[in-house]
Number of protein chains: 2
Amino acid sequence: MSFDRLQEKINAMKNPSVVGLDPALEHIPPQILERHIAMQGETLEAAVAAVCEFNLGLIDALCDIVPAVKPQSAYYEVLGPGGVLALKQTCDYAKKKGMYVICDGKRNDIGSTAQAYASAYLGTVKVGTAALCSFDVDALTVNAYLGSDGIKPFIDMSVKYDKAVFALVKTSNPSSGELQDRLIGGDRIYTLVGDLMQDISKETVGKYGYTCVGAVVGATYPEEAEFLRSRLKHTFFLVPGYGAQGGSAAEAVKAFDKNGHGAIVNSSRGIIAAWKKSDEDYAIAARNEALRMRDEFRRALS
Amino acid sequence: MSFDRLQEKINAMKNPSVVGLDPALEHIPPQILERHIAMQGETLEAAVAAVCEFNLGLIDALCDIVPAVKPQSAYYEVLGPGGVLALKQTCDYAKKKGMYVICDGKRNDIGSTAQAYASAYLGTVKVGTAALCSFDVDALTVNAYLGSDGIKPFIDMSVKYDKAVFALVKTSNPSSGELQDRLIGGDRIYTLVGDLMQDISKETVGKYGYTCVGAVVGATYPEEAEFLRSRLKHTFFLVPGYGAQGGSAAEAVKAFDKNGHGAIVNSSRGIIAAWKKSDEDYAIAARNEALRMRDEFRRALS
């Protein structure tokens, strides 16, 4: 089961953190981009080459201390089809280096199209008699606004190929409450979404107790995270919002169960752009910050 | 204003329909795929080539009678980065042939990342001193579960580059009601989302009266569409669910205002896979079905 694999990687490294590979060009050291511009001009190709170089360096620097990476698809799509190739190469390289790869695409659609997204990221597509992989990551983020028939194809694919998804439940952004916090009867919408996601995946519980549908629960809303943790016993949490977005480790640990399991905390800019606050090479700066974050969570969880 | 351009194309062709370019491989005539497999083997490259050939033939056959196309990103992503290149080529070709292009990606994220998606599909990305386009479509579908700060970057980009988005309000799938129909006070969630989208974009109303944030409203829920039409005077509707999903023209016209404006109805399989119910070439079968649909809506709206 995919989240069993993730929990075991976390346990082995004693590090419940995931690095968000969100290579906005302003987060890449200027000399890297400039070198590629010198070769290929001010082109998308130059930007794609810079993103690849940057990411591969980060993965090399992090793969023995961080269990997972979370590339955010938008920062690749913005560079066009070549950027999407960089996304795939990044995912492939991280997997090769033993990391658990969560593609942050927040995909969503009606059943037949959700099936295509599930095939794209978690499964295979049939061409003639061959079943071919496209992105083949370990997990994908999804958005549940369309209800259960938009999520079930991801569950089926997860069961078949040992994969998982994280559905948006309570997001980390300032306006997340506009819809997610609205009350229906006595429950918030995010609670209903969390309940629904756990319920429709309940047959998939693995050895650590989690179904293949996890939940995105922002560190910026610690009370909500604590409430959801107590309610959703079988749901693994992906926790954005720590660090650059303002969430602290003390807040983020609300997403973990009493054994210190069941969650992974993301940091993107805080790690990949750590070079901006350092005299070190970007990869060394990222590693130092990842170690600092790891140790902070080891303390916070002990 | 982007929806002014769309409404004018609709008026000129007297056809308020959009063809969904959802090239699942089973919708492509087998001889097309087989020919590419003969050349490139059972590979993603062969599938991508078949998709491109299929789409370009459809666009040639439809561009003088149908104002818009809506490629659904999932069916391209499932073929990997090469599939995403086919998406871009499809969009570029359709624009070149004068069609309005709606990329159906249902993208969504927190503000800083929504900005990257907006740049990817509607705007430009800066590489060095150059501002470069990646996908550059006319409109993108988006999902508003994260609230207004996840939508505002799309509005800003729409204003700057004469683009638009369609936010999911009431979707066409069977389980859309699980969340969207829940009551808060006296209002359904889809109503709150529709109100919010119209409100945050109200400064962008164009000559036909629509803001740059449209709404996805399924033809499969005609009562809800009629209610939303009466409530959201300044919102252009994208209406899926007609045809293969079960919505009729009589139901879909509930999404139009009394002048027959303010909506566009999608058909995907019904048109692109019309060859399955015909002895004609796929492009001719698609054109015949598109003409039939056009005439059906002309009658239904008159």
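By convention in this document, chain letters (A, B, ...) are assigned in the order of the sequence lines, proteins followed by strands, and residues within each chain are numbered from 1.
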So which heavy atom on [X] is nearest to which on [Y], and how close?
X        : Y        : result
A:Gly150 : A:Pro153 : C-CD, 4.0 Å
A:Phe135 : B:Gly80  : CE1-CA, 3.8 Å
B:Tyr75  : B:Pro23  : CB-CD, 3.8 Å
A:Ser267 : A:Tyr242 : CB-CD2, 4.1 Å
B:Tyr161 : B:Leu122 : CB-O, 3.5 Å

For atom NZ of B:Lys160, decide whether the heavy atoms of other residues, nucleotides or ligands shown that lie under 6.0 angstrom number more than 12.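 No, not enclosed.
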
Which bit of [X] is near chain A, if near means a heavy-atom gap under 4.5 Å: side chain, backbone, both or neither?
X        : answer
B:Val169 : backbone
B:Tyr76  : neither
B:Leu132 : side chain
B:Glu178 : side chain
B:Lys88  : side chain
B:Ser112 : both
B:Leu168 : both
B:Leu87  : neither

I'd like to know which of [options] tops the heavy-atom pair count under 4.5 Å against chain A.
options                                : result
B:Asp149, B:Thr141, B:Ile184, B:Thr124 : B:Asp149
B:Thr113, B:Asp104, B:Leu85            : B:Thr113
B:Arg182, B:Gln245, B:Glu26            : B:Arg182
B:Leu79, B:Ile189, B:Asp109            : B:Asp109

Option that, when pairs with chain B are counted at under 4.5 Å, heavy atom only, ranks first among [options]:
options                                : answer
A:Thr129, A:Thr171, A:Leu183, A:Val125 : A:Thr129
A:Glu34, A:Lys170, A:Arg107, A:Gln72   : A:Arg107
A:Ser73, A:Ser148, A:Gly111, A:Ala24   : A:Ser148
A:Ala120, A:Ala74, A:Gly82             : A:Ala74
A:Pro174, A:Ser119, A:Ala47, A:Gly185  : A:Pro174
A:Gly177, A:Pro81, A:Ala144            : A:Pro81

How long is the straight-line distance from CG of A:Asp136 back to SG of A:Cys103, given to the nearest 0.5 Å?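 Between A:Cys103 SG and A:Asp136 CG, I get 11.5 Å after rounding to 0.5 Å.
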
Please determine whether a side-chain nitrogen of the Lys or Arg among B:Arg188 and B:Glu224 lies less than 4.0 Å from a carboxylate oxygen of the Asp or Glu.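 A salt bridge is absent here (no side-chain N lies under 4.0 Å from a carboxylate O).
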
Closer than 4.0 angstrom, basic N to acidic O: yes or no for B:Asp199 and B:Lys202? yes

Compare all side-chain heavy atoms of B:Val193 with those of A:Tyr145 and state whether any distance is below 4.5 angstrom. yes

Counting N and O atoms only, with roles assigned by atom type, does the side chain of A:Asn143 sit under 3.5 Å from a partner on the main chain of A:Asn108, one being a donor and the other an acceptor? no

